[in-house]
Amino acid sequence: MDLPSNEFKRQLARPGVTHGLLTGITDPAMAEVLAATGFDWLLIDGEHAPHDVGSIMSQLQAVAAYDIPVIVRPEVGDTVLVKRLLDVGAQTLLVPMVESAAQAAQVAAAMRYPPNGVRGVAASVNRAARWGAVDGYLQGADHEVCLVCQIESVPGVAAIEEIAAVDGVDALFVGPTDLAASLGLIGQARHPDVLAAVDDAIERIVATGTPAGVFAAQPDLIERWTGLGATFVAVGTDVGLLRQAATDLAAALRTRG
Ligand code: 3PY
Ligand code: MG
């Protein structure tokens, strides 16, 4: 069989804006429910959700039946963890808190086989190669991986141009929540100084010619940051959407008496 194409990487190369959802509920059924709702991509959140490599594989398997690409966010861009996630079939990784070109280069190397990188080789026993059924997996895998570095701290913002220039970095994604904390404004992601810092980060990423993404869960912020050139936007989380819908329903029932 053919090596699975990385549709998220193809989306990045096309003009236009894509919208995705974060999933932090670890059950495979949750990813499957979201896969059929019409979004352009899903992001499995291994940074903040209680995931392990096995539960991430189960969500990837559930979503594989649907026509939607998946990004996986590991808790850290550790070389061994990156290898394990790629081996279970993740193709796009969103690595949190990248703050230097050296850090980005380490993750880029972890995602590619020698001589391009340092990824360990075991194609016949991993899901990425469909347990050995994919022809030419080892030769083609480097072309289908996609690295998105998350910019979400003052040092990360300062290093945007250097990080974007690293070979193997495909896109940068701005995290307003952690950036607010790094600016001394924890919990105030809508503070004018935070919004201005996100504006600046997006404009500078766009100026490098690298695709820019951002987390923006409110319509005005989606408009603001796509207006500055962000082309892939995480617009919500499963927990947030579920909680809001349940809270609204309960409130509506209470007002009926
Ligand atoms: C942040 O805003 O810090 C994020 O990580 C968004 O996903
Ligand atoms: Mg963050």
Side-chain angles (χ1 to χ4, degrees), residues 8 12 17-26 30-31 34 39-51 56 59 69-78 81 85 90 92-100 103-104 107 146-160 163 169-205 211-226 228 230-244:
F8 182 75
L12 283 180
V17 175
T18 64
H19 303 99
L21 285 181
L22 263 82
T23 168
I25 298 175
T26 57
M30 176 51 68
L34 297 180
F39 281 88
D40 298 302
W41 44 269
L42 294 182
L43 195 162
I44 297 174
D45 189 8
E47 182 191 11
H48 290 295
H51 266 299
I56 289 173
Q59 287 203 320
V70 180
I71 302 169
V72 174
R73 177 162 73 175
E75 61 267 46
V76 64
D78 170 75
L81 178 59
L85 291 171
T92 299
L93 297 183
L94 174 74
V95 175
M97 209 52 86
V98 176
E99 300 191 314
S100 69
Q103 190 187 347
V107 185
C146 177
L147 171 57
V148 185
C149 291
Q150 200 167 346
I151 304 297
E152 50 182 350
S153 67
V154 172
V157 170
I160 281 174
I163 294 169
V169 170
D170 296 285
L172 302 188
F173 178 92
V174 182
T177 315
D178 274 297
L179 184 54
S182 181
L183 288 164
L185 294 164
I186 193 163
Q188 301 178 64
R190 291 196 66 106
H191 188 286
D193 293 353
V194 178
L195 299 182
V198 176
D199 290 352
D200 170 58
I202 291 172
E203 285 174 335
R204 284 174 40 213
I205 296 166
V214 66
F215 183 85
Q218 286 115 11
D220 61 321
L221 296 181
I222 298 170
E223 197 167 327
R224 175 175 178 139
W225 291 328
T226 55
L228 293 178
T231 55
F232 61 107
V233 188
V235 297
T237 67
D238 49 8
V239 175
L241 293 170
L242 180 61
R243 184 174 185 285
Q244 194 62 55

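When reading the values below, keep in mind they use all heavy atoms of this one structure, side chains included, and skip hydrogens, waters and symmetry mates. For clarity, every value in this text was computed on a predicted model and none was experimentally measured. In each ligand, atom 1 is the first atom listed, and ligand 1 is the first ligand listed.
Taking each heavy atom of A31 and L42 in turn, the nearest pair found is O-CD1, 3.5 Å. Here the closest non-hydrogen pair linking Q103 and P96 is NE2-O, 4.3 Å.
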Exercise answer, ligand 1 polar atom pairs (N/O) under 3.5 angstrom:
from: ligand 1; atom 1: 2 (O); to: P176; atom 2: N; distance (Å): 3.1
from: ligand 1; atom 1: 2 (O); to: T177; atom 2: N; distance (Å): 2.7
from: ligand 1; atom 1: 2 (O); to: T177; atom 2: OG1; distance (Å): 2.9
from: ligand 1; atom 1: 3 (O); to: E152; atom 2: OE1; distance (Å): 3.0
from: ligand 1; atom 1: 3 (O); to: D178; atom 2: N; distance (Å): 2.9
from: ligand 1; atom 1: 3 (O); to: D178; atom 2: OD2; distance (Å): 3.1
from: ligand 1; atom 1: 5 (O); to: R73; atom 2: NH1; distance (Å): 3.0
from: ligand 1; atom 1: 5 (O); to: Q150; atom 2: NE2; distance (Å): 2.6
from: ligand 1; atom 1: 5 (O); to: E152; atom 2: OE1; distance (Å): 3.1
from: ligand 1; atom 1: 7 (O); to: R73; atom 2: NH1; distance (Å): 3.1

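Counted within 6.0 Å of CD on E223, heavy atoms from surrounding residues, nucleotides or ligands total 12 or fewer; the atom is thus considered open. Atom CZ of R190 is surrounded by more than 12 heavy atoms from other residues, nucleotides or ligands within 6.0 Å.
Listed by chain and residue number, the protein N/O/S atoms under 2.8 Å of the Mg ion (ligand 2) are E152 OE1, D178 OD2, with waters left out.
Considering CG of L179 and CG of L195, their distance stands at 10.0 Å, rounded to 0.5 Å. In this structure, CG on L43 lies 4.5 Å from CG on L22, to the nearest 0.5 angstrom.
Contact of the L172 side chain with the C149 side chain is registered, since non-hydrogen atoms from C-beta on lie closer than 4.5 Å. Two residues are said to be in side-chain contact when any heavy atoms from C-beta on lie closer than 4.5 Å; F39 and L34 fail this criterion.
A donor-acceptor pair under 3.5 Å links the side-chain atoms of R204 to the main chain of V157, judged by distance alone.
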